[in-house]
Amino acid sequence: MGKAIAFVVGLVAVGWVASWLLGPLLWYLFLGALVLGGGAVLYAAAKRSLAPGTRTQRRIEAAARTYRMRNR
């Protein structure tokens, strides 16, 4: 009986120490995943807005043609 109680107390202590050490690490991993995911979403949105045939891309191309014609 004494060994079983010591085993359970040991498991609780090891679990507490592990959560104390890994808690902040898991938080930073979660935060890093959110930042990377957000960056990927913003990159995809920017890339999609400048895709060929979009209004923004046509405006950029028209401005570049005008600039080249003016500086001949």
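Note that this is a predicted model, so its numbers are computed, not measured.
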Check: Of all heavy-atom pairs between Ser19 and Pro24, which one has the smallest distance, and what is that distance?
Finding: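 Result for this residue pair: O-CD, 4.4 Å.
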
Got a sec, which residues hit side-chain contact (heavy atoms from CB on, under 4.5 Å) with [X], two or more places apart in sequence or on another chain?
X     : value
Arg68 : Ala64, Arg65
Ser49 : none
Tyr43 : Lys47
Arg70 : Tyr67

Next item on the list: Applying side chain to side chain contact (heavy atoms under 4.5 Å, CB included) between Arg59 and each of Gln57, Glu61, Arg55, report the one that passes.
Entry: Arg55

When Ile, Leu, Val, Met, Phe, Trp and Tyr are grouped by side-chain heavy atoms lying under 4.5 Å apart, directly or through other members, which residues fall in the same group as [X]?
X     : value
Leu22 : Leu25, Leu26, Leu29
Phe7  : Leu11
Trp16 : Val17, Trp20, Leu21
Val41 : none

Notebook entry, point to check: With the 4.5 Å side-chain cut-off for hydrophobic clustering, are Val35 and Tyr28 part of the same group?
Noted result: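 Cluster IDs for Val35 and Tyr28 differ.
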
